[in-house]
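Below is one structure; the comments refer to it alone.
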Amino acid sequence: MERTKIFELLNSDDSMEQVLIKGWVRTRRDSKGFSFIEINDGSSLKNIQVVADEKLPNYADVKQLSTGSAIAVGGSLVASQGGGQRWEIQADDVQIIHLAPEDYQLQKKRHTDEFLRTIAHLRPRTNKYGAAFRIRSELAYGIHTFFRERGFRYLHSPILTGSDCEGAGELFRVTTLDLSKPPLKEGKADYAQDFFGTEANLTVSGQLSAEMFALALGDVYTFGPTFRAENSNTRRHAAEFWMVEPEMAFCDLDGNMDLGEELIRELTTYAIDNCADDLELFARWVDKTLMATLENIAQSDYIRLPYREAVDILGQSGKKFEYPVGFGNDLQTEHERFLTEEHFKKPVIVYDYPKSIKPFYMRVNDDGETVGAMDVLVPRIGEIIGGSQREERLEVLEARMEEMKMDKAPMWWYLDARRYGSVPHSGFGLGFERFLMMITGIRNIRDVIPFPRTPQNIEF
RNA sequence: UCCCCAGUAGCUCAGUAGGCAGAGCAGGUGGCUGUUAACCACCGGGUCCGCGGUUCGAGUCCGUGCUGGGGAGCCA
């Protein structure tokens, strides 16, 4: 007999004669003549209640069932005689698959997130983390749905890369050299003898690859892991995270902002529509204002604010900021928070940043001072999207690279794209974990990644 | 990397003025009961983060290290 997922049973319209469920005991309560066992199999936030009668041949063993134990229950789905649940399983047969000993760490009570991080291998068995990772799964699917409906192609950009040209932070070196005695050349490690014959790293962005494919397939997106070796110790940073990076040919900055706004709005709607049960947990226990926040994000038009105007608003705000505001200074966290949380109270897209604070590939505007960059800022999280229109003019791009003292030689292929059929194109990166934080109200990025990697921590 | 806070039972925490190590939950045993954060009674459980110092005496004060958290920088 095949097992039925608990999610299906709880949503059943009718009682059922013969069902088999398998799952883990969340809690058990004894009564005179029978025992109530709450089982969860991960298919849903909700448990199903099993009624195990003392007439079961192994009832003595059933009474020993502890939290965390794995069991299989055969029986019938019947309307519950007690309050609190519609259906329950009247057990004909309870098989103990594995008995969890008394030192099982997850108790029938709330644990702190900090403690659960120390048992990251067990935390998905809790209500909160089960919900978080079901939502993560649903939204990953939602992202593919969003792009597919719009004719985008899914690109698998490389994880290993030889280019260090994006300047998007510190890189993780990849090598097969023996670090205790690497081959030396002029006192330095000789990467010519390394696996790839040159220095290699983990990717910090799929953007450059995506640009090449946008100029072939039109509209593409990548969705995969990204690595930054920054020594960042904050609740918003991880060394390994997932990023969504669309790239569109024949698209300017306005079109780019349109897509970014639409993506956030649609994905938020997708979460509200498809993750109602799991979201309710977060609205109840994590952030009371969550649903109102999500409705606001899903329904409002976002503010579009040129960087110069953002600087003016901050300058005239009368607020004392720790960091000075002025053209040429990047917006600091305190500035972003003021704009999204206090001034506009909704997502804000800041665009046309000074070129001095942005990377080489962003398209120089006609004023010669700014580039077609855009950041989407949301309350509480801060920057959730960073993107730009890319510089498609070969001479301008080369001039910028020279200005920034970059070596053009290894970038020959990137420049080639500007030699043959170059067109305006744009794209951005969405931090998937930051998006999940926004959707769930979870405050620490380590709690929306199955096994988070941060400085000094790669356990599990 | 910088600034701030914390570390006491399996978990969450209290510990007063420097003077015998505590509670709730969890676990064990028994009882009661269509229960549902079940309830009642009893029981077991400690490297007070490590090292050093002050003191007759340190969980408590001082120094230092480690770990965790928050904020900032960097960024998604």
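Proteins get letters first, then strands, A, B, ... in listed order; numbering begins at 1 in each.
Under 4.0 Å is where a charged nitrogen must lie from a carboxylate oxygen, and between Asp113(A) and Lys128(A) at least one such pair does. A salt bridge is absent between Glu54(A) and Lys63(A): the closest approach of a Lys/Arg side-chain nitrogen to an acidic carboxylate oxygen does not fall below 4.0 angstrom.
In this structure, Tyr323(A) atom OH and rC2(B) atom P are separated by 14 Å, rounded to whole Å. Rounded to whole angstrom, the span from the CD atom of Glu336(A) across to the P atom of rC75(B) amounts to 11 Å. Atom CD in Glu240(A) sits about 17 Å away from atom P in rA76(B), given to the nearest Å. Taking atom CZ on Arg110(A) and atom C1' on rU12(B), their separation rounds to 11 Å, with Å as the unit. Rounded to an integer number of Å, the gap from Asn47(A) CG to rU35(B) P is 18 Å. Taking atom CZ on Arg337(A) and atom P on rG73(B), their separation rounds to 11 Å, with Å as the unit. A straight line from CD of Glu170(A) to P of rA76(B) spans 14 Å, rounded to a whole angstrom. Between the CG atom of Asp113(A) and the P atom of rU12(B) there is a distance of 11 Å, rounded to whole Å.
rG24(B): Watson-Crick or G-U partner is rC11(B), with both key distances under 3.5 Å. Base pairing annotation: rC39(B) forms a Watson-Crick or G-U wobble pair with rG31(B), both donor-acceptor distances under 3.5 Å. Look at rG45(B): it lacks any Watson-Crick or wobble partner with both distances under 3.5 angstrom. Base-pair partner of rC61(B): rG53(B) (Watson-Crick or G-U wobble, both distances under 3.5 Å). Using the Watson-Crick or G-U wobble rule with both distances under 3.5 Å, rU1(B) pairs with rA72(B). Nucleotide rA6(B) forms a pair with rU67(B), judged by Watson-Crick or G-U wobble geometry with both contacts under 3.5 Å.
Between Arg235(A) and the phosphate of rG69(B), there is no side-chain N or O to OP1/OP2 separation shorter than 4.0 Å. Dashed line: the shortest gap from a side-chain N or O of Gln332(A) to OP1 or OP2 of rC74(B) is under 4.0 Å. Taking 4.0 angstrom as the limit, Thr333(A) places a side-chain polar atom (N or O) nearer than this to OP1 or OP2 of rG73(B). One finds a side-chain N or O of Thr112(A) lying less than 4.0 angstrom from the OP1 or OP2 phosphate oxygen of rU12(B). Look at Arg117(A) and you'll find a side-chain N or O under 4.0 angstrom from OP1 or OP2 of rG69(B). Side-chain N/O atoms of Asn444(A) include one lying less than 4.0 angstrom from OP1 or OP2 on rG70(B).
Ser66(A) and Glu102(A) are not linked by any side-chain donor-acceptor pair at a separation below 3.5 angstrom, with hydrogens and angles left out of the test. Side-chain contact check for Thr161(A) and Asn201(A): no donor-acceptor pair (N or O, by modelled atom type) lies under 3.5 Å.
Scanning atom types as modelled, one donor and one acceptor separated by under 3.5 angstrom connect the side chain of Gln81(A) and the base of rG34(B). Taking 3.5 Å as the limit, the base of rG10(B) and the side chain of Gln107(A) contain a donor-acceptor pair of atoms between them. Judged by distance alone, with hydrogens and angles left aside, Ser232(A) brings a side-chain donor or acceptor within reach of the base of rC74(B), the pair sitting under 3.5 Å. Contact annotation: side chain of Gln85(A) to base of rU35(B), donor-acceptor pair present below 3.5 Å. Taking 3.5 Å as the limit, the base of rG73(B) and the side chain of Glu334(A) contain no donor-acceptor pair of atoms between them. Contact of His237(A) with rC75(B) (side chain to base): a donor-acceptor pair of N or O atoms is detected under 3.5 Å. In this model, a side-chain donor or acceptor of Arg434(A) finds a partner on the base of rC75(B) within 3.5 Å. Judged by atom type and distance alone, Gln456(A) does not reach the base of rU67(B) through any side-chain donor-acceptor pair under 3.5 Å.
When each of Phe241(A), Phe146(A), Phe432(A) is paired with Phe223(A), the ring pair (Phe, Tyr, Trp, His ring centres under 6.0 Å) condition holds for Phe432(A) and for no other.
Remark on RNA chain B: of its neighbouring residues Glu433(A) and Phe36(A), the 5'-side contact belongs to Phe36(A), judged by nearest-heavy-atom nucleotide. Ranked by how close their nearest RNA chain B nucleotide is to the 5' end, Asn457(A) and Gln64(A) are led by Gln64(A).
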- Task: Starting from the C-alpha separation in whole Å, work towards a yes-or-no answer on side chain to side chain donor-acceptor pair (under 3.5 Å) for Arg29(A) and Ser31(A).
- Result: CA-CA 7 Å; Arg29(A) 294 175 290 269; Ser31(A) 194; over 6 Å; no
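The side chain of Arg446(A) sits closest to rG69(B) out of rG27(B), rG69(B), rU35(B). Nearest to the side-chain atoms of Phe34(A) among the listed nucleotides rG34(B), rG10(B), rG73(B) stands rG34(B). Of the candidates rA76(B), rU1(B), rU12(B), the closest approach to any side-chain atom of Phe115(A) belongs to rU12(B).
Gln49(A) comes within 4.0 angstrom of a base, heavy atoms only. Nucleic acid contact for Asn231(A): base, since at least one base atom lies under 4.0 Å from a heavy atom of the residue. Counting any heavy atom pair closer than 4.0 Å across all strands shown, Ile445(A) reaches a base atom. Note on Ser80(A): a base of the nucleic acid sits closer than 4.0 angstrom, heavy atoms only. Gly431(A) comes within contact range of the sugar-phosphate backbone alone, with a heavy-atom separation under 4.0 Å but no base atom that close.
The aromatic rings of Phe147(A) and Phe152(A) are tilted relative to each other, their planes meeting at an angle between 30° and 60°. Using the six-membered ring where Trp is involved, Phe115(A) and His111(A) have ring planes that are tilted, between 30° and 60° apart. Relative orientation of the His144(A) and Tyr221(A) rings is tilted, given thresholds of 30° and 60° on the angle between their planes. Taking the six-membered ring for Trp and thresholds of 30 and 60 degrees, His343(A) and Phe338(A) have ring planes inclined between 30 and 60 degrees apart.
rA9(B) and rU60(B) have their P atoms separated by 15 Å, with the value rounded to a whole Å. When the C1' atom is used for both rG59(B) and rU16(B), the distance is 13 Å, rounded to whole Å. Distance noted for atom P between rG24(B) and rC66(B): 38 Å (whole Å). Spacing of P atoms, rA38(B) relative to rG28(B), comes out at 14 Å, to the nearest Å. Rounded to whole Å, the P atom of rC5(B) lies 13 Å from the corresponding atom of rC61(B). Across the C1' atoms, rU12(B) and rG71(B) are found 25 Å apart, a figure rounded to whole Å. Comparing the same atom, C1', in rG65(B) and in rG22(B) gives a spacing of 29 Å after rounding to whole Å. Distance check on atom P: rC25(B) versus rG68(B) gives 31 Å, rounded to whole Å.
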Between the protein and nucleotides 37-45 of chain B, list every N/O to N/O distance that falls short of 3.5 Å.
from, atom 1, to, atom 2, distance (Å)
rA38(B), OP2, Arg29(A), NH1, 3.1

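The 12-atom threshold is exceeded at NZ of Lys358(A), counting heavy atoms of other residues, nucleotides or ligands nearer than 6.0 Å.
Figure legend: cation-pi geometry between Arg265(A) and Tyr302(A), with NZ or CZ positioned under 6.0 Å from the six-membered ring centre and within 45° of its axis.
The aromatic ring of Phe241(A) sits over the base of rA76(B), with ring centres less than 5.5 Å apart and planes tilted by under 30°.
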